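All of these numbers come straight from a predicted model, not from anything done at the bench.
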Number of protein chains: 2
Amino acid sequence: MSRQPATTDRRIEILKSAAAAFRRRGYHGASVDEIASALEMTKGNLYYYFKNKEEILFACHEYSLGKLLVLMDEVEAESLSPDARLRRLVLAFVHLILDDLHGTALTLDPEALSPPLLKRIIAKRDRFDHGIRTIIQQGIDQGVFKPGDPKMIEFAMMGAINWISKWFDPNGAMTSDQIGDAFADYLVGGLQQ
Amino acid sequence: MSRQPATTDRRIEILKSAAAAFRRRGYHGASVDEIASALEMTKGNLYYYFKNKEEILFACHEYSLGKLLVLMDEVEAESLSPDARLRRLVLAFVHLILDDLHGTALTLDPEALSPPLLKRIIAKRDRFDHGIRTIIQQGIDQGVFKPGDPKMIEFAMMGAINWISKWFDPNGAMTSDQIGDAFADYLVGGLQQ
DNA sequence: TACGATTTTAAACGTTCGTTCAAACTCGTG
DNA sequence: CACGAGTTTGAACGAACGTTTAAAATCGTA
C-alpha cells in the first residue's frame, strides 16, 4: 500500500467543495471563487490542481461514476437472485448518494461538459444503466418480476433515486437508511409479482 | 370570450424560448441573448415584456405549476378509485411534460429564484405534492395499495417523472403515450396489491 | 395622411467571472 | 544553513453577461 501524494488529497477536497457548490447553484451558477473560498484558498490556487473549471466538473463525474461502477461490479460478483440483487443495488445506490456523495450523483449537469468529455461520462453511465437493465430483464425472464420494458423501468428507478438530491434534507427526519428501505420496497417490491 | 392583448402572446413565446434555453443549459448557463435570438428579437427587447431574467424563470414556473394544478383539480372532480385516479394523474402528468411543456416541469432550477419568488413557487408545488400524497394515502387506507410511506412513494414517483426530461428524445423511438403507459404500469401498478 | 401609443433597436454601462502569471512563500532534504 | 521543488498569492486580463436608455420604427386609428 503506497501512500498517495499530498496533491491527490487536495484534489479530492476541491472536488468535494466543487460538488457541493455545483449541487447548490449548478455548474454555471457556482463560481470558481466560491469553490476555493470554502477551502480557504484563493481561486488562482485551484489552477495549480486543475486545468480549468470544466475539468473539475469532469473529475466530479468520474469520481461518482467510478464509485457507482465499483458498486455494480461488487454486486455482480455475488450470486443472488435478480430481485435480491436489484434490491441491494438500490440500497447501496441510495446510501452512496446520500452518505458519501452528499446528494451528488448524476445530477451535476453533465451537459455543461464539452462533447469529448461528455462522451466519456456518458460511456460510463451507459455501462451502469446497462447493468441495471440486465438485472431487470433477468428478473422478468425468470418470472420473479412482472413483464415490462426494462428500459422504461430502469429510467424510472434511476430518476426516482437521482431526484432524492432535490429534496433530501440532512437535518430532516428521514435517515438514508429509511429512505433506502422505502425506495427499495416501492421500486423493487413493485416489480415483483 | 375576450381576446387577450398581443403582448400576452409575445410573453408566452418568450417563455417557451426561455424554457427551452433553461432546459438545455440551466438558468445561469442560458443567456438572455440566447432566449431573444431564438425569437429573432434583440435582448433589449425582452425587457419590454419582463422586468428581468429572474422574472422570466418565475413565469415559467408559474405557467407549468398552473397547468399542473388545473390537472389536479380536474382529476379530483372526477369520482374515481384511488388507483384509477393516480393512474390518470401519472398519464396526464407525463403528457403535460412531454407534449406541452417539452420536457420542462419542475426541472428548471427553482433555486435560482430569490427567496420571495421561490417561496411562491414552493407553495404551489406543495399543493400539488399534497394532492398526490392524499390519493396514495386513500389507496392505502382502502386496501387497494400496499402499505408504505406516502411521502416517500410520492417523492419517488415525482422523481421518476421529472427525470424523464433528462433522457427523453423527441426523435426517439418512444412516444409520450408509450412512456406514459409504461410509467403508469410500473409506478401505479407496483403500488397495487 | 397624421398623430400618439406601442414596440423595437443598437449601443453602452457596470459587473462578474474564468483564467493567467510572475513573484513570494513553504518545507523537506543534503 | 542553503537549495530547489512544490505550493500559494494577489493582481491583472479580456470576455461575457444582465440591464438601461434614448432614439427610431411600427402600427392602429381618426
Side-chain angles (χ1 to χ4, degrees), chain A residues 2-61 108-114 116-118, chain B residues 2-61 108-114 116-118:
Chain A
S2 66
R3 282 282 288 115
Q4 48 192 352
T7 52
T8 304
D9 292 343
R10 206 89 174 109
R11 275 175 62 101
I12 291 183
E13 281 180 50
I14 293 172
L15 289 188
K16 290 197 173 174
S17 171
F22 292 157
R23 198 180 333 120
R24 276 196 306 271
R25 303 207 203 275
Y27 175 73
H28 289 105
S31 72
V32 172
D33 192 57
E34 184 181 351
I35 297 168
S37 295
L39 299 170
E40 298 187 282
M41 50 165 66
T42 60
K43 63 175 173 171
N45 198 6
L46 285 189
Y47 288 80
Y48 178 73
Y49 296 95
F50 291 95
K51 208 172 93 227
N52 51 32
K53 192 184 178 187
E54 189 190 7
E55 257 211 357
I56 297 178
L57 177 62
F58 178 71
C60 284
H61 275 108
L108 300 186
D109 23 24
E111 331 80 44
L113 293 170
S114 60
L117 294 185
L118 179 58
Chain B
S2 66
R3 281 281 289 116
Q4 48 191 353
T7 51
T8 304
D9 292 342
R10 206 90 174 107
R11 276 175 62 101
I12 291 184
E13 282 180 49
I14 294 172
L15 290 188
K16 292 199 172 173
S17 171
F22 292 156
R23 197 181 335 122
R24 275 197 306 271
R25 304 206 202 276
Y27 175 73
H28 290 106
S31 72
V32 172
D33 191 57
E34 184 181 351
I35 297 169
S37 295
L39 299 170
E40 299 185 282
M41 51 165 67
T42 60
K43 62 175 175 173
N45 199 4
L46 285 190
Y47 289 80
Y48 177 75
Y49 297 94
F50 292 94
K51 210 173 89 228
N52 51 33
K53 191 183 179 188
E54 188 190 7
E55 257 211 355
I56 297 179
L57 177 62
F58 178 71
C60 284
H61 274 107
L108 299 187
D109 21 26
E111 330 81 43
L113 293 169
S114 61
L117 294 186
L118 179 57

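As rounded to whole Å, 14 Å separates atom C1' of dT20(D) from atom NZ of Lys51(B). One atom, CD of Glu55(A), and another, C1' of dT19(C), lie 14 Å apart when rounded to the nearest Å. Whole-Å rounding puts the Ile35(A) CD1 to dC17(C) C1' distance at 12 Å. The nearest whole Å value for the distance from the CG atom in Asp33(B) to the P atom in dA16(D) is 11 Å. Going from atom CG of Leu46(A) over to atom C1' of dT9(D) covers 13 Å, rounded to whole Å. Look at CG on Asn45(A): it is 8 Å from C1' on dT9(D), rounded to the nearest Å. Remark: P of dT7(C) and CD of Glu13(B) are 13 Å apart, rounded to the nearest angstrom. If you take CD of Glu34(B) and P of dA16(D), they are 14 Å apart, rounded to a whole angstrom.
Phosphate contact (OP1/OP2 of dT8(D), side-chain N/O of Thr42(A), threshold under 4.0 Å): absent. Look at Tyr48(A) and you'll find a side-chain N or O under 4.0 angstrom from OP1 or OP2 of dT7(D). Phosphate proximity of dT8(D) to Arg10(A): present, with a side-chain N or O under 4.0 Å from OP1 or OP2.
In this structure, the side chain of Ser17(B) engages the main chain of Ile35(B) through a donor-acceptor pair within 3.5 Å.
Taking all atoms of both residues into account, the shortest heavy-atom contact from Met41(A) to Leu46(A) is SD-CD2, 3.6 Å. What you find for Leu113(A) and His61(A) is that their closest heavy atoms are CD1-ND1, 4.2 Å. In this structure, Lys51(A) and Glu55(A) approach most closely via the heavy-atom pair N-OE1, 3.4 Å.
Near DNA chain C, meaning a heavy atom under 4.0 Å from it, residues 15-28 of chain A has no residue at all.
Salt bridge Glu34(A)/Lys43(A): absent, no basic N to carboxylate O contact under 4.0 Å.
Counting non-hydrogen atoms under 4.0 angstrom, Ala36(A) reaches nothing in the nucleic acid.
Out of dT7(C), dT9(D), dG18(C), the shortest distance to the side chain of Tyr49(B) is found at dT7(C). Among the nucleotides dT9(C), dC17(D), dT19(C), the one closest to any side-chain atom of Lys43(A) is dT19(C). For Tyr47(A), the side-chain atoms get nearest to dT19(C) when compared with the rest of dT19(C), dT9(D), dC17(C).
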From CA spacing to verdict: side chain to side chain contact (heavy atoms under 4.5 Å, CB included), Leu15(A), Arg11(A) | CA-CA 6 Å; Leu15(A) 289 188; Arg11(A) 275 175 62 101; 5.5 Å; no

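With sequence neighbours left out, the side chain to side chain contact (heavy atoms under 4.5 Å, CB included) criterion links Lys53(B) to Phe22(B), Tyr27(B), Val32(B).
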